[in-house]
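Basis for what follows: all heavy atoms, side chains included, without hydrogens, waters or symmetry-related copies. Source: prediction; values computed, not measured.
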Amino acid sequence: SILIIGASAALGLAVRQQAALRVRALAEWIDSLNLLILEVGGRSTPLHETFLIISRSRNQLIAPFFLELSKQISGMPFYDFRTVWKKALRAYGESWGLHAEEQNVLIGIADYLGRYDGGAQTQSLQTAMLRLQEQRDRAAEELRAKNSVYRTCGAAVGILLVLDLMKRK
């Protein structure tokens, strides 16, 4: 019975950790988009070099995504950036715990990145960043509000299971 309660509490903790991972991933994406705006809009750094710079930043959760992108496009004279971006997002996106709306914002970045002048790219990246900031703020508030609920519900479910098992005996 203690094992069931413990397992249920652990399940609640796992849900909480997934929510915390999502908040962290969104924060790292916002930081990375800031770097992207500086490099693309201000310095006009080529994309593969920009992605390499971002991969070396402090954003360790999403750094492999940008390193992969840099490798993919650096050796290709002609590439379909949208396809490369989406493929990399599919490969890494699940591990960040992002919701569909957030993933769609990230996928949408490929529509304008590398296609327009620096000003247009900057404006579009700022719009995406604002949308991600709103999502991060909501996710962080949800995590704060439900932090103890996740643990309590997990333990409560475990207790209910134990009581049900005891009643059946």
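Although no hydrogens or angles enter the test, the distance criterion places a donor-acceptor pair under 3.5 Å between the side chain of S70 and the main chain of H48. For S124 (side chain) and A120 (main-chain N/O), a donor-acceptor pair under 3.5 Å exists by modelled atom type.
Residues L143 and A20 come closest through the heavy atom pair CD2-CA, 3.7 Å. Residue Y112 comes nearest to Q121 through the heavy atom pair O-CG, 3.5 Å, listed as atom of the first residue, atom of the second, then distance. Between I62 and S32 the shortest heavy-atom distance is CD1-OG, 3.3 Å. Across all their heavy atoms, S95 and L21 have their closest contact at O-CD2, 3.1 Å. Nearest heavy atoms, A63 versus S55: CB-O, 3.3 Å. When all heavy atoms are compared, the tightest approach of V23 to R136 is O-CG, 4.0 Å.
Take D31 and apply the salt bridge (Lys or Arg N to Asp or Glu O under 4.0 Å) test, not counting sequence neighbours, and it matches R58. By the side-chain contact (heavy atoms from CB on, under 4.5 Å) test, A88 is found to be paired with F65, L69, residues two or more places apart in sequence or in another chain being considered. Applying the salt bridge (Lys or Arg N to Asp or Glu O under 4.0 Å) test to E49 and every residue at least two apart in sequence or in another chain returns nothing. Residues meeting the side-chain contact (heavy atoms from CB on, under 4.5 Å) test with S57, sequence neighbours left out: L35, I54, N59. Taking the side-chain contact (heavy atoms from CB on, under 4.5 Å) definition, one finds that L38 meets it with R43, sequence neighbours left out.
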Given Q103 and L89, is the side-chain contact (heavy atoms from CB on, under 4.5 Å) satisfied, shown in steps?
CA-CA 8 Å; Q103 290 180 24; L89 272 175; over 6 Å; no
If you apply the rule side-chain contact (heavy atoms from CB on, under 4.5 Å), what do you find for E39 with L47, and how did you get there?
CA-CA 9 Å; E39 294 298 327; L47 280 180; over 6 Å; no
Steps toward side-chain contact (heavy atoms from CB on, under 4.5 Å) verdict (Q126, T122)
CA-CA 6 Å; Q126 286 172 336; T122 297; 3.8 Å; yes
With side-chain contact (heavy atoms from CB on, under 4.5 Å) as the criterion, how do R138 and E142 come out once you've worked through the C-alpha distance, each side chain's angles and the decisive distance to 0.1 Å?
CA-CA 6 Å; R138 275 190 230 131; E142 183 179 310; over 6 Å; no
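F66 and L52 sit in two unconnected hydrophobic clusters of ILVMFWY residues. Membership requires side-chain heavy atoms under 4.5 Å apart, directly or through other members. L67 and I73 fall into different hydrophobic clusters, where Ile, Leu, Val, Met, Phe, Trp and Tyr are joined by side-chain heavy atoms under 4.5 Å apart, directly or via other members. Linking Ile, Leu, Val, Met, Phe, Trp and Tyr residues whenever their side-chain heavy atoms come within less than 4.5 Å leaves V40 and I53 in two separate clusters.
Ring geometry, W96 versus W29: the interplanar angle exceeds 60°, so the pair is classed perpendicular (tilted spans 30 to 60°).
F81 contributes atom CZ, which lies 10.0 Å from atom CG of D111 (distance to the nearest 0.5 angstrom). Between Q135 atom CD and L26 atom CG the span is 7.0 Å, to the nearest 0.5 Å. The distance from atom CG of N104 to atom CZ of R131, rounded to the nearest 0.5 Å, is 8.0 Å. Rounding to the nearest 0.5 Å places CD of Q72 at 11.0 Å from OG1 of T83. Going from atom CG of L33 over to atom CG of L125 covers 6.0 Å, rounded to the nearest 0.5 Å. To the nearest 0.5 Å, the span separating CG on L113 from CH2 on W85 amounts to 6.0 Å.
Applying the salt bridge (charged side-chain N to carboxylate O under 4.0 Å, His left out) definition to pairs two or more places apart or across chains, those involving residues 18-30 are R22-E102, R24-E28.
Between M129 and I37 there is a side-chain heavy-atom pair separated by less than 4.5 Å.
No more than 12 heavy atoms of other residues, nucleotides or ligands shown are found within 6.0 angstrom of CD on Q123.
A salt bridge between R144 and E141 is present, with a side-chain N of the basic residue lying under 4.0 Å from a carboxylate O of the acidic one.
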